[in-house]
Amino acid sequence: MPVLIRSDIAGPLPIDQERLRRTANRLLRICRLPKSELSILLVSDPQMQELNSQYRKLNKPTNVLSFPLSEKTEVQNGTMLGDIVISLDTACREAEKLQTTLWKRTVRLLVHGIVHLRGYDHELSDRDAIEMENQEKILLEKLETFHRRINMPHLAINVDHIATLRQARGINEPDPVLAAGICELAGASGIVVHLREDRRHIVDRDVHLLKQTVKTKLNLEMGATEEIIKIALKIRPDMVTLVPEKRLELTTEGGLDVAGQTKKLTKTIARMTKKGIPVSLFIDPDSEQIRAAQDVGATFVEIHTGRYCDAESESERDKEFKMVAEAAEEAFEAGLRVNAGHGLNYQTTSRVAALDTIEELSIGHAVISRAAFVGLDQAVREMLALMKIS
Ligand code: PXP
């Protein structure tokens with residue numbers, strides 16, 4: 001039991017204890033301490049005053065006290081973190097003053113306590129206070145994006161193959177910029193293009209124009225090479241998805257080896273973050289890659305669904321689906337935002353769309369292929385219909 005909650009308050013608690021336990025567990029996962037233990041004690045003001053007087057020689061109640069089990073600043077996963085004591089009386093008063101709810105205030109205090117237990121201390125110096133505040137902000141932001149989806153996921157359409165057709169003739173049609181507009185009008189929530197080093201389909205002009213015309217969200221898929229990074233930093237798409245890129249491949253093959261290039265990716269992500277561009281990493285459904293994605297500071301991961309879609313038997317497909325579902329769950333629980341894509345078609349999409357951990361599906365080939373027969377507008381609408389949660 002990683003999180004133990006006790007209460008010395010008489011009568012029913014004014015907050016949901018089980019919800020608090022779940023939130024504390026999530027916070028531990030976000031801090032990469034999923035196996036660590038934490039004890040939370042909920043008290044009233046008189047009890048808090050006693051503790052405050054005993055341990056800090058301050059004879060008055062306070063909102064939260066943290067008692068780390070170890071003095072070490074680097075907390076190891078699997079160790080006992082320590083105790084957090086929260087006064088719900090004080091939290092209640094503060095919530096009223098700050099015009100927030102008791103739940104939100106309690107979570108805020110819990111975050112403060114956890115950051116203390118991880119070795120940060122705002123009382124040491126101004127610099128430490130700023131660092132501690134930053135840590136709290138990061139944790140709260142991650143926690144805020146931590147909602148399982150209730151409605152259907154978003155659909156982002158990859159229009160690379162419209163450009164493939166254009167490049168086959170070397171003239172200026174069909175235009176992926178026009179295609180993007182049609183997809184948006186049909187209900188797509190985002191447009192994806194892959195600017196490859198060899199410019200085999202999407203070219204620089206497309207990305208520049210899409211940046212100006214896309215009304216939903218432009219996701220620039222790219223290899224982490226200096227030339228393309230510079231273009232992304234200049235154009236500033238709504239997000240980028242980093243993928244491995246090989247010149248001879250027909251399409252992106254495996255996921256990115258994040259664990260094998262953490263230094264390079266940390267640097268690239270930091271450069272993007274500085275310009276306000278969130279980064280997604282396209283990865284295979286693999287725990288090691290998820291942990292690495294967390295380490296290098298990615299906001300999103302896109303789980304590679306290719307092996308699930310290409311499976312040659314039902315049992316193989318079930319096995320691959322399970323891996324996608326588990327990876328999405330693990331990434332979500334770790335505080336990453338989760339997308340999925342590659343190879344999804346009109347047969348394989350519904351099952352992935354039903355996973356409540358996934359925000360968005362990125363689909364290209366199947367929709368563009370269907371569009372050749374029924375038109376792009378209808379092809380997008382048909383895919384959206386398959387993604388609806390009944
Ligand atoms: N996601 C990523 C990272 C991709 O590289 C691609 C292919 O460009 C897709 C999604 C879309 O795959 P598909 O064209 O098979 O739908």
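Here the structure is a predicted model, which means the values were calculated and not measured. Counting convention: from 1, in listed order, for ligands and their atoms alike. One-based numbering along the sequence shown.
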- Message: Tell me whether the rings of His342 and His304 are parallel (<30°), tilted (30 to 60°) or perpendicular (>60°).
- Response: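 Ring orientation, 0 to 90° scale: tilted.
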- Under the side-chain hydrogen bond (donor to acceptor under 3.5 Å, both in side chains) rule, what do Ser44 and Gln47 come out as? Steps first, then yes or no, please. CA-CA 6 Å; Ser44 55; Gln47 289 162 298; 2.9 Å; yes
Which atoms of ligand 1 are found less than 4.0 Å from any heavy atom of [X]?
X: Gly343; answer: 12 (O), 13 (P), 15 (O), 16 (O)
X: Val243; answer: 3 (C)
X: Ser362; answer: 1 (N), 10 (C), 11 (C)
X: His365; answer: 13 (P), 14 (O), 16 (O)
X: Phe282; answer: 3 (C)
X: Gly364; answer: 11 (C), 13 (P), 14 (O), 16 (O)

- Non-hydrogen atom of Ala366 closer than 4.0 Å to ligand 1: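 So Ala366 does not count as touching ligand 1.
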- Message: Against ligand 1, does Glu302 come closer than 4.0 Å with any heavy atom?
- Response: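 Yes, Glu302 has heavy atoms under 4.0 Å from ligand 1.
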Would you say [X] and [Y] make side-chain contact, with heavy atoms under 4.5 Å?
X: Arg337; Y: Glu360; answer: no
X: Val352; Y: Pro153; answer: no
X: His194; Y: Ile202; answer: no
X: Arg291; Y: Ser287; answer: yes
X: Glu333; Y: Arg26; answer: yes

- Short N or O distance, Glu221 and ligand 1, threshold 3.5 Å exclusive: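 N/O-N/O distance under 3.5 Å: yes.
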- Message: Checking a contact table here: which protein heavy atom is nearest atom 6 (C) of ligand 1, and how many Å away?
- Response: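 Here the nearest protein heavy atom works out to His342 CD2, 3.5 Å.
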- Query: Which one of Leu281, Val367, Asn158 has a non-hydrogen atom at the shortest distance from atom 8 (O) of ligand 1?
  - Reply: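 Among Leu281, Val367, Asn158, the closest heavy atom to atom 8 (O) of ligand 1 belongs to Asn158.
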- Query: Is the backbone N or O of Leu88 less than 3.5 Å from a side-chain atom of Arg105, with the two atoms forming a donor-acceptor pair by type?
  - Reply: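 No, the answer is negative, given that no donor and acceptor are paired below the 3.5 Å cut-off.
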